[in-house]
Amino acid sequence: MDKHRGSRLSELFGSLGSFFRKCMFCILSMGPIPKHFAFIMDGNRRYAKKEKLEEGAGHRAGFSVLMSMLKYCYELGVTYVTIYAFSIENFKRKPDEVQNLMDLILEKIEGLLKEESLVNKYGIRVYFIGNLKLLSKPVRVAAEKVMKATTNNTKCVLLICIAYTSCDEIVQAVHESCKNKLEEIQPCNSHRSFSGRVEEVDGKSIDDDIGHSVQELFGVQTNELRATRASTFCNDVAEGVERTDKKSGVVGHGVHGSCDKWGEVQSLEASGTRDGVIPNVKSEKLLVDLSILKVVDIESHMYMSVAPNPDIVIRSSGETRLSNFLLWQTSNCLLYSPNALWPDMRLWHLVWAVLDFQRNYSYFEKKKKQF
């Protein structure tokens with residue numbers, strides 16, 4: 001009898017809590033709502049120590065809080081949520097602790113596929129963000145299985161940063177961008193060699209400029225290219241491309257543009273003069289411009305390219321450091337740092353974060369327009 005009464009009281013309080021949440025979220029929705037929340041879940045180990053719990057119990061308590069926070073976010077209308085689950089730096093912890101964390105992560109990843117899971121209830125698509133090659137095979141396979149199973153979910157997106165640091169993300173993005181640039185340059189060089197025509201300007205062939213362009217891509221500067229670089233820099237800024245000339249210290253800002261430079265070079269070759277010589281100035285500029293690495297190239301190869309930049313980062317435990325988390329993406333983002341340890345986080349912490357975002361919304365929008 002007492003158990004039945006307790007169950008009914010629990011259901012009643014649960015219904016009242018849900019109703020109270022809906023009313024609060026309706027009021028909050030009168031103002032701007034962040035589209036993308038990012039969480040740094042700090043304080044799990046300190047919580048376990050404070051409550052005198054066994055090792056790993058703090059992370060399990062933190063996972064329960066994470067599920068509640070995700071539910072609140074999606075009920076509020078947030079489209080993207082990113083969580084910092086495991087840093088590459090965490091691999092430096094004691095082997096037993098790392099293994100316990102990996103076992104917990106594997107258990108919770110597999111739980112995402114259950115019918116009653118939050119992922120299936122809210123139609124959430126899951127991405128695992130980071131250097132997944134560093135994970136053990138069972139965890140990596142489980143992560144890939146979840147990503148594949150949620151491919152068709154379109155209502156919300158959950159990004160789980162695991163084996164991740166922002167420095168690693170930027171390095172791999174630059175590496176992939178350089179690799180792509182080389183692949184773009186090589187067909188251009190091969191095509192010109194095949195045509196058997198080499199134009200000379202002041203005793204120097206344009207084919208030599210292609211080699212210089214490759215050198216310039218990796219930071220090798222030559223005297224012969226300075227004039228061309230200056231011309232390219234000015235022209236690109238005029239066309240709306242953001243450029244920085246490190247030699248002169250000049251920074252040019254503009255709206256990012258895109259065009260098929262290789263296509264333009266081919267068009268110039270097709271519409272050459274009577275003797276088949278390519279018009280020198282424009283073709284030289286296009287070939288050099290083909291090798292220039294732009295911000296948009298790097299951003300397209302980021303792990304986080306699948307989502308817009310966060311509107312707000314919440315780090316629990318009162319810490320105000322980003323700890324190598326989304327350094328590239330948070331240049332125009334609000335950082336909210338409640339004093340509560342992650343397992344102590346509650347609904348009102350999220351509400352205060354949204355109110356803080358709304359209070360600063362006009363300022364951040366003004367800053368975005370300046371870029």
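At a threshold of 4.0 Å, the pair Glu97-Arg45 counts as salt-bridged, since one of the basic side-chain nitrogens sits closer than that to a carboxylate oxygen. Using a cutoff of 4.0 Å between basic side-chain nitrogens and carboxylate oxygens, Lys181 and Glu176 are not scored as salt-bridged. Arg315 and Asp42 are joined by a salt bridge, as a carboxylate oxygen and a charged side-chain nitrogen come within less than 4.0 angstrom of each other. Ion pairing of Asp297 with Lys294 is absent here, as no side-chain N (NZ or NE/NH1/NH2) approaches a carboxylate O to less than 4.0 Å. Salt bridge present: Asp344 and Lys50 bring a charged side-chain N and a carboxylate O closer than 4.0 Å.
Side-chain atoms of His36 and Thr79 form no donor-acceptor pair, as typed in the model, at a separation below 3.5 Å. Between His59 and Asn100, the side chains place no donor N or O within less than 3.5 Å of an acceptor N or O (distance only, hydrogens not considered). With hydrogens and angles left out, the side-chain atoms of Ser317 and Arg46 include a donor and acceptor closer than 3.5 Å. In this structure, a donor-acceptor pair under 3.5 Å is present between the side chains of Gln99 and Asp103. No side-chain donor from either of Thr165 and Asp168 sits under 3.5 Å from a side-chain acceptor of the other.
Tyr361 and Leu334 end up in the same hydrophobic cluster when Ile, Leu, Val, Met, Phe, Trp and Tyr side chains are linked at under 4.5 Å. In the hydrophobic clustering of ILVMFWY residues, with side-chain heavy atoms under 4.5 Å counting as a link, Val81 and Met302 come out apart.
Side-chain atoms of Ser177 come within 3.5 Å of backbone atoms of Ala173 as a donor-acceptor pair (strictly under, hydrogens ignored). When atom types are taken as modelled, the side chain of Asp356 and the backbone of Trp352 share no donor-acceptor pair closer than 3.5 angstrom. Distance alone, capped at 3.5 Å, is enough to place a donor-acceptor pair between the Ser117 side chain and the Leu112 backbone. A donor-acceptor distance shorter than 3.5 angstrom exists from the side chain of Asn324 to the backbone of Cys167, with no hydrogens or angles considered. Side chain of Glu75 to backbone of Lys22: no donor-acceptor contact under 3.5 angstrom is found.
Between Phe39 and Trp342, the distance from one ring center to the other falls under 6.0 angstrom. Annotation: Phe364 is not in aromatic contact with Phe357 [ring centroid separation under 6.0 Å not met].
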Ring pair (Phe, Tyr, Trp, His ring centres under 6.0 Å) assessment of Tyr303 paired with Tyr127:
CA-CA 10 Å; Tyr303 295 139; Tyr127 289 97; over 10 Å; no
Would you check, one step at a time, whether the test salt bridge (charged side-chain N to carboxylate O under 4.0 Å, His left out) holds for Arg60 with Glu107?
CA-CA 11 Å; Arg60 290 187 178 275; Glu107 175 190 327; 3.2 Å; yes
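Side-chain contact between Met102 and Leu135 is present, with at least one heavy-atom pair separated by less than 4.5 Å. A 4.5 Å side-chain heavy-atom check between Val157 and Thr82 finds every atom pair outside the cut-off.
Between Tyr84 and Tyr164, the angle of the ring planes goes over 60°, which puts this pair in the perpendicular group of the 30/60° scheme.
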